[in-house]
Amino acid sequence: MPELPEVETIVRGLALELQDVVVQHVIIRQHQLRWPIPDNLSATLNQQKVCRIHRRGKYLLMRFERGTLIIHLGMSGHLRIVSKTADLKPHDHVDIIFSEQQILRYNDPRRFGTILWTQDEPEKHRLLFSLGVEPLSTAFTDQYLLQKAKKRHVAIKPFIMNNQVVVGVGNIYATEALFKANIHPATPVNHLTIEHVQRLIATIKDTLQLAISKGGTTLKDFFNAEGKPGYFKQQLMVYGREGLPCFQCTKPLQKIWLGQRNSVYCKHCQPPMFAPVTRHII
DNA sequence: CAGCGCCCCTGCCCGC
DNA sequence: TGCGGGCAGGGGCGCT
């Protein structure tokens, strides 16, 4: 579900709602997420005040007085503010209760998400310390990406989806940004010219920023903290449009499997920039 | 050490 | 209508 624009949308919503509120109580109905939720989380959070809500990559960080709650939504996680009277739904795994009107409810059908606590600076946490640059920061430049691509042979799509290179670019936005930059998703990174890299940086930033301005992408079940969908889906040029005509050249869009993920592209607008890979059969 | 595959889990859609 | 297979917006980890 969530890529960077969706997490950013949720962070902004929660930051408005939960600044300086105090935890009254925590209910954990299901401990088993990607890693178990700490047993003592309720005791740890009790009576602590929310100091700041921000994010690093797709990790949502809730800073309290004595530490930070690290939340990741995985593929199917949701965070909503609900009131005490809201119906309990399947997979409502955690409630952080601030008041009768302010319950932060975590729902995650697939349980690929994460809720962990750290007393240290969250940047030092094992899940965060080796993360790459933020794509919307000034640190994400052509020189940075070229440096990272040195001695690498991976295809550009899994490369920009690698969190150690740049954070927050998932399958939807990687697919869209490569289309807008006219770069074939299977191009080996060492075949890219500086012009390609410059174009790609620009289209990644543009795509993410536009998506944030639309409140994220709702494919079927993304909703922000107020339960409202995002409207970036209407802007998708290629993602999910396999076999349909390219909006630029009207030729049917293609699908390939790259880095354990599906990728849609236009073979006319994103021509291959490399010799075909020959593979031994049997 | 780069790169690939596996795996954590449920829901949903498709074809038979 | 029921069921098995495949696929899904993520990403850490272990193996080669």
Side-chain angles (χ1 to χ4, degrees), chain A residues 1-10 29-37 55-60 70-79 89-94 106-116 125-132 135 147-178 185-190 207-208 211-212 214-224 229-236 238-243 255-264 277 279:
Chain A
M1 178 253 308
E3 296 192 31
L4 187 146
E6 290 75 48
V7 178
E8 179 67 26
T9 299
I10 293 168
R29 302 183 189 85
Q30 166 64 270
H31 276 82
Q32 205 54 51
L33 301 185
R34 190 161 204 296
W35 293 282
I37 299 174
R55 69 161 181 84
R56 175 77 172 97
K58 295 176 196 167
Y59 289 94
L60 190 150
I70 299 174
I71 301 176
H72 196 293
L73 301 173
M75 294 264 254
S76 58
H78 303 251
L79 277 172
K89 301 207 172 74
H91 315 297
D92 280 340
H93 303 317
V94 179
Y106 179 82
N107 178 293
D108 187 0
R110 291 178 70 179
R111 289 192 266 136
F112 286 5
T114 301
I115 298 180
L116 293 173
H125 193 273
R126 69 184 171 89
L127 294 177
L128 278 78
F129 80 87
S130 59
L131 291 178
Q147 174 65 29
K148 281 279 183 183
K150 267 187 193 167
K151 297 182 185 173
R152 301 287 298 271
H153 302 276
V154 267
I156 184 63
K157 180 152 175 284
F159 183 70
I160 57 172
M161 289 177 68
N162 181 341
N163 283 334
Q164 313 220 339
V165 175
V166 55
V167 295
V169 184
N171 206 18
I172 299 176
Y173 299 113
T175 299
E176 292 297 307
L178 285 164
T187 312
V189 288
N190 55 342
T207 306
L208 293 174
I212 291 169
K214 300 281 178 186
T217 302
T218 296
L219 290 179
K220 57 181 189 205
D221 61 1
F222 169 71
F223 299 98
N224 67 16
Y231 295 97
F232 188 73
K233 187 183 177 184
Q234 286 87 325
Q235 317 285 324
L236 294 177
V238 276
Y239 182 87
R241 299 194 62 248
E242 178 206 357
K255 182 161 91 170
I256 48 166
W257 189 253
L258 267 180
Q260 283 81 245
R261 247 158 205 125
N262 242 329
S263 207
V264 180
V277 178
R279 284 182 194 283

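Predicted model only: the values in this text are computed from it and were never measured. Protein chains get the first letters and strands the later ones, always in sequence-line order, with residue 1 at the start of each.
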(message) Wobble G-U and Watson-Crick pairs count when both distances are under 3.5 Å; given that, what is the 5' to 3' dot-bracket string of DNA chain B, with | for pairing to other strands?
(response) .|||||||.|||||||
(request) Would you mind reading off the distance between Lys58(A) atom NZ and dG10(C) atom C1', rounded to a whole angstrom? (result) 6 Å
(message) What's the closest nucleotide to the side chain of Arg152(A) if the choices are dC4(B), dG9(C), dA2(B)?
(response) dA2(B)
(message) Measure CD1/Ile70(A) against P/dG12(C) and give the value in whole Å, please.
(response) 12 Å
(message) Does dA8(C) have its OP1 or OP2 closer than 4.0 Å to a side-chain nitrogen or oxygen of Tyr239(A)?
(response) no
(message) Tell me the interatomic distance from Ile156(A), atom CD1, to dG3(B), atom P, rounded to whole angstroms.
(response) 12 Å
(message) Would you say Asn262(A) places a side-chain N or O within less than 4.0 Å of OP1 or OP2 belonging to dA8(C)?
(response) yes
(request) Please report the shortest heavy-atom distance between Asp108(A) and Ser76(A), naming the atom on each side. (result) OD1-OG, 2.6 Å
(request) Could you tell me which residues satisfy side-chain hydrogen bond (donor to acceptor under 3.5 Å, both in side chains) with Lys151(A), sequence neighbours excluded, listed by chain and number? (result) none
(request) Measure the shortest side-chain to side-chain distance between Asn162(A) and Arg152(A) over non-hydrogen atoms and say whether it is less than 4.5 angstrom. (result) yes
(request) Just jot down the side-chain hydrogen bond (donor to acceptor under 3.5 Å, both in side chains) partners of Ser263(A), sequence neighbours excluded, or say none. (result) Lys157(A)
(message) Between C1' on dG12(C) and CD on Gln164(A), what's the gap in Å once rounded to a whole number?
(response) 10 Å
(request) Return the value, rounded to whole Å, for the distance between atom CE of Met161(A) and atom C1' of dG9(C). (result) 9 Å
(message) If I pick the P atom on dC6(B) and the same atom on dG6(C), what distance separates them, to the nearest angstrom?
(response) 14 Å
(message) Can you tell me if Lys151(A) touches the phosphate of dC1(B), counting only side-chain N or O atoms and a distance under 4.0 Å to OP1 or OP2?
(response) no
(request) Using the test ring-ring contact (aromatic ring centres under 6.0 Å, His included), find all partners of Tyr59(A) that sit at least two apart in sequence or belong to another chain. (result) His72(A)
(request) Mind checking salt bridge (Lys or Arg N to Asp or Glu O under 4.0 Å) for Arg55(A) and listing every partner two or more places apart, or none if nothing turns up? (result) Glu8(A), Glu134(A)
(request) Whole angstrom is fine here: how far is it from NE2 in His72(A) over to C1' in dG9(C)? (result) 11 Å
(message) So, using ring-ring contact (aromatic ring centres under 6.0 Å, His included) as the criterion, who are the partners of Tyr173(A) when residues are at least two apart?
(response) Phe232(A)
(request) For dG3(B), take OP1 and OP2 only and decide whether either is under 4.0 Å from a side-chain N or O of His153(A). (result) no
(request) Using a 4.0 Å cut-off on protein heavy atoms (strictly under), produce a 5'-to-3' string for nucleotides 6-11 of chain B with B for base contact, S for backbone-only sugar-phosphate contact, and - for none. (result) --BBBS
(message) Does dG12(C) have its OP1 or OP2 closer than 4.0 Å to a side-chain nitrogen or oxygen of Arg126(A)?
(response) no
(message) Once side-chain hydrogen bond (donor to acceptor under 3.5 Å, both in side chains) is applied, do any residues pair with Gln32(A), and if so which ones, sequence neighbours excluded?
(response) none
(message) Below the 4.0 Å mark, does dG9(C) have OP1 or OP2 next to a side-chain nitrogen or oxygen of Tyr173(A)?
(response) no
(message) What is the separation between atom NZ on Lys157(A) and atom C1' on dG3(B), rounded to the nearest whole Å?
(response) 16 Å
(request) Could you tell me whether Tyr59(A) contacts a base, only the sugar-phosphate backbone, or nothing, with contacts defined as non-hydrogen atoms closer than 4.0 Å? (result) sugar-phosphate
(message) Rounded to whole Å, how long is the line connecting atom NZ of Lys255(A) with atom P of dG6(C)?
(response) 13 Å
(message) Taking only the P atom of each, what is the distance from dC7(C) to dG5(B) in whole angstrom?
(response) 15 Å
(request) For dG11(C) and dC1(B), measure between their P atoms and round to the nearest Å. (result) 22 Å
(request) Go through the structure and list residues passing salt bridge (Lys or Arg N to Asp or Glu O under 4.0 Å) with Lys89(A), not counting sequence neighbours. (result) none
(request) Please report the shortest heavy-atom distance between Pro2(A) and Leu73(A), naming the atom on each side. (result) CG-CB, 3.5 Å
